[in-house]
2 protein chains.
Amino acid sequence: MAAVDLTTHPGHLARRLQQAHYLLWNTMVSEETTSPQYAVLNALVAEPGLDQRTVGERVGLDRSTIAEVVSRLGRRGLLDKVRDPQDGRRSLLRLTDEGLRVHRRLGVRVARMNQVFLAPLAADEQAVFIDLMRRVADAAEGLRNPAEPTAAPG
Amino acid sequence: MAAVDLTTHPGHLARRLQQAHYLLWNTMVSEETTSPQYAVLNALVAEPGLDQRTVGERVGLDRSTIAEVVSRLGRRGLLDKVRDPQDGRRSLLRLTDEGLRVHRRLGVRVARMNQVFLAPLAADEQAVFIDLMRRVADAAEGLRNPAEPTAAPG
DNA sequence: TCACTTTCATCGGTGCACTGACGATACATG
DNA sequence: CATGTATCGTCAGTGCACCGATGAAAGTGA
């Protein structure tokens, strides 16, 4: 009695979606470099020397998680980490040549995987899907950062 | 150079979506009972006495993960676990009264949270979103189970 | 009856993700 | 300069999610 159909629950679907993507990534992109790790590499390609916290913010990882991911990437020699001489609290990150190589090599496979992932949808549906996911994710993340008022608050 | 815009990558969005849902769940539904745990409770409300592996299949958890989730629920006294006398490999699961109570109590909050989660979308968009997520997730999971041919294959 | 194979649960290992607490550094005010 | 506040990184703890290996139980076939 009172059991619910979870296939209509967006949260449950989001979880299944993420798991499906995880598996697809493992088979089509890389078994060594995970999707969050690739996101970090990508952020540092765009902005070399960025500090750790900001990288985490860019890719959607909190401070604890970005610390672990960065630690793994550093252990594999894909990035260097140095204290900011201007601000001793910050860690500045920069890709090594090997990090750049890995990022470049994975790029093609990531694009292929995205195609396979979205293949069940028609082209116009794919665009709608991306848009809807982004709007929901943005809104939910906005609930967490409770305002960030540019103008003066009340 | 060659950095990519991750906000157009469905996998990255799926991860952010799942994280957003995780946070919303924690604040609006429960800090003790997680979303996967609720899914297990729900599956057992629908089919009491189901075996552990099938429950995992219903809610999208592999054998290792369902074992851990069931272990936590059992430790909290929300379900009972007994060996199948007909098949000594299987574990049969059944909710306790407390498990039923928790499931019933969370139902209302889950519905409220789903509304908040989907609030940024118009009503018709919400239906489309659910449909698209389900189709992508189903297809990707289908890639894993390599056929299950009902009729004779080629 | 005796292998062979399949299925289920468990265990160890890895990785992501959160919370809460901590120490170090920086900044802001008096 | 000293005190208080905010920020950054880390650590400990919990939970989900995967893989591969192992062992127990069941089924299959010679």
Side-chain angles (χ1 to χ4, degrees), chain A residues 11-12 14-27 29-40 50-57 59-76 81-93 140-141 144, chain B residues 11-12 14-27 29-40 50-57 59-76 81-93 140-141 144:
Chain A
H12 186 250
R15 187 171 61 81
R16 284 180 51 207
L17 211 58
Q18 204 260 335
Q19 291 172 213
H21 170 256
Y22 173 90
L23 293 178
L24 208 54
W25 182 283
N26 252 354
T27 59
V29 180
S30 171
E31 299 193 359
E32 296 83 34
T33 306
T34 66
S35 163
Q37 287 174 14
Y38 174 76
V40 169
L50 212 55
D51 71 283
Q52 178 170 310
R53 186 201 134 274
T54 305
V55 171
E57 198 177 358
V59 303
L61 299 177
D62 78 334
R63 279 178 308 176
S64 299
T65 306
I66 188 66
E68 293 183 39
V69 173
V70 163
S71 158
R72 288 188 198 101
L73 291 174
R75 211 180 304 141
R76 285 174 55 199
K81 177 175 177 174
V82 295
R83 272 263 187 277
D84 185 344
Q86 260 70 51
D87 186 340
R89 295 168 300 181
R90 286 182 159 81
S91 289
L92 304 184
L93 307 178
E141 285 171 3
R144 202 64 193 142
Chain B
H12 187 250
R15 187 172 62 82
R16 285 181 51 209
L17 210 59
Q18 203 261 335
Q19 290 170 215
H21 171 255
Y22 173 90
L23 293 178
L24 209 54
W25 182 283
N26 252 354
T27 60
V29 179
S30 170
E31 298 193 0
E32 295 82 37
T33 305
T34 66
S35 164
Q37 287 173 15
Y38 174 76
V40 168
L50 211 55
D51 72 283
Q52 177 169 312
R53 186 201 134 276
T54 305
V55 171
E57 198 177 358
V59 302
L61 299 177
D62 79 333
R63 278 178 309 176
S64 298
T65 306
I66 187 67
E68 293 183 38
V69 173
V70 163
S71 159
R72 288 186 198 102
L73 291 173
R75 211 179 304 142
R76 286 173 55 199
K81 177 175 177 174
V82 294
R83 272 265 188 275
D84 185 344
Q86 261 70 51
D87 186 340
R89 296 167 298 180
R90 285 182 160 80
S91 288
L92 304 184
L93 307 178
E141 284 171 4
R144 204 61 193 145

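Below, chains carry the letters A, B, ... as their sequence lines are ordered, and counting in each starts from 1. These numbers were taken from a predicted model, which means no experiment stands behind them.
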J.: Between P on C:dA9 and CG on B:Leu50, what's the gap in Å once rounded to a whole number?
T.: 11 Å
J.: C:dT10 C1' sits how many Å from B:Arg90 CZ, rounded?
T.: 17 Å
J.: Do any of residues 17-25 of chain A sit with a heavy atom less than 4.0 Å from DNA chain D, and if so which?
T.: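 Heavy-atom cutoff 4.0 Å gives A:Gln19, A:Tyr22, A:Leu23.
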J.: Give the rounded distance in Å between these two atoms: CD1 of A:Ile66 and P of D:dC8.
T.: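 Atom CD1 in A:Ile66 sits about 13 Å away from atom P in D:dC8.
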J.: Evaluate the side-chain proximity of B:Asp51 to B:Asp84: yes if any heavy-atom separation is below 4.5 Å, no if none is.
T.: no
J.: Less than 4.0 angstrom between a side-chain N/O of B:Lys81 and OP1 or OP2 of C:dC8, yes or no?
T.: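 Checking C:dC8 against B:Lys81, no side-chain N or O comes under 4.0 Å of OP1 or OP2.
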J.: Please determine, for the side chain of B:Ser64, which listed nucleotide (D:dG20, D:dG9, C:dC18) has the closest atom?
T.: D:dG20
J.: Between A:Glu32 and B:Asn26, who's closer to the 5' end of DNA chain C by nearest nucleotide?
T.: A:Glu32
J.: A:Thr34 near the nucleic acid: base, sugar-phosphate alone, or nothing, with a heavy-atom cut-off under 4.0 Å?
T.: sugar-phosphate
J.: From the list D:dA17, D:dG9, D:dG15, which nucleotide is the closest neighbour of the side chain of B:Gln37?
T.: D:dG15
J.: Categorize A:Leu61 for me: base, sugar-phosphate, or nothing, with a 4.0 angstrom heavy-atom threshold over every strand shown.
T.: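 Counting heavy atoms under 4.0 Å across all strands, the contact made by A:Leu61 is with sugar-phosphate only.
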J.: CG of B:Asp62 versus P of D:dA17: gap in Å, rounded?
T.: 9 Å
J.: Do the side chains of B:Arg15 and A:His21 get nearer than 4.5 Å, heavy atoms only?
T.: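 Counting from C-beta outward, A:His21 and B:Arg15 never come under 4.5 Å.
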J.: Where do A:Arg76 and A:Gln37 come nearest, in terms of heavy atoms and distance?
T.: NH1-OE1, 3.3 Å
J.: Under a 4.5 Å cut-off applied to non-hydrogen side-chain atoms, are B:Gln52 and B:Lys81 in contact?
T.: yes
J.: Just checking B:Thr65: base, sugar-phosphate only, or nothing, at a heavy-atom cut-off of under 4.0 Å?
T.: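 The answer is base, as B:Thr65 lies within the cut-off (heavy atoms under 4.0 Å) of a base atom.
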J.: To the nearest 0.5 Å, how far apart are CD in B:Gln18 and CD in A:Gln19?
T.: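 Nearest 0.5 Å value for the CD-CD distance: 8.0 Å.
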J.: Of all heavy-atom pairs between B:Asn26 and B:Glu31, which one has the smallest distance, and what is that distance?
T.: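 Smallest heavy-atom distance, with atoms named: O-CG, 3.5 Å.
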J.: Show me the side-chain donor-acceptor pairs of residues 61-70 of chain B shorter than 3.5 Å, one per line, residues at least two apart or across chains.
T.:
{"residue": "B:Asp62", "atom": "OD1", "partner": "B:Thr65", "partner atom": "N", "Å": "3.0"}
{"residue": "B:Asp62", "atom": "OD1", "partner": "B:Thr65", "partner atom": "OG1", "Å": "2.6"}
{"residue": "B:Glu68", "atom": "OE1", "partner": "B:Arg72", "partner atom": "NH2", "Å": "3.2"}

J.: Please encode protein proximity along nucleotides 22-28 of chain C as a string of B, S and -, counting only heavy-atom distances under 4.0 Å.
T.: ---BS--
J.: I need the CD-P distance between A:Glu68 and C:dC18, as an integer number of Å.
T.: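 After rounding, the reported distance stands at 11 Å.
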J.: So which heavy atom on B:Val59 is nearest to which on B:Ala39, and how close?
T.: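 Minimum heavy-atom contact is CG1-O, 3.4 Å.
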J.: When the distance from CZ of A:Arg76 to P of C:dG15 is rounded to whole Å, what number comes out?
T.: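 Taking CZ of A:Arg76 and P of C:dG15, I get 9 Å after rounding.
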J.: Using every non-hydrogen atom in the two residues, find where B:Thr33 and B:Tyr38 come nearest and quote the distance to one decimal.
T.: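 Minimum heavy-atom contact is CG2-N, 4.1 Å.
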J.: Return the value, rounded to whole Å, for the distance between atom CZ of A:Arg16 and atom P of D:dA17.
T.: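 Computing the A:Arg16:CZ to D:dA17:P distance gives 12 Å.
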J.: Between C:dA9 atom C1' and B:Glu57 atom CD, what is the distance in whole Å?
T.: 15 Å
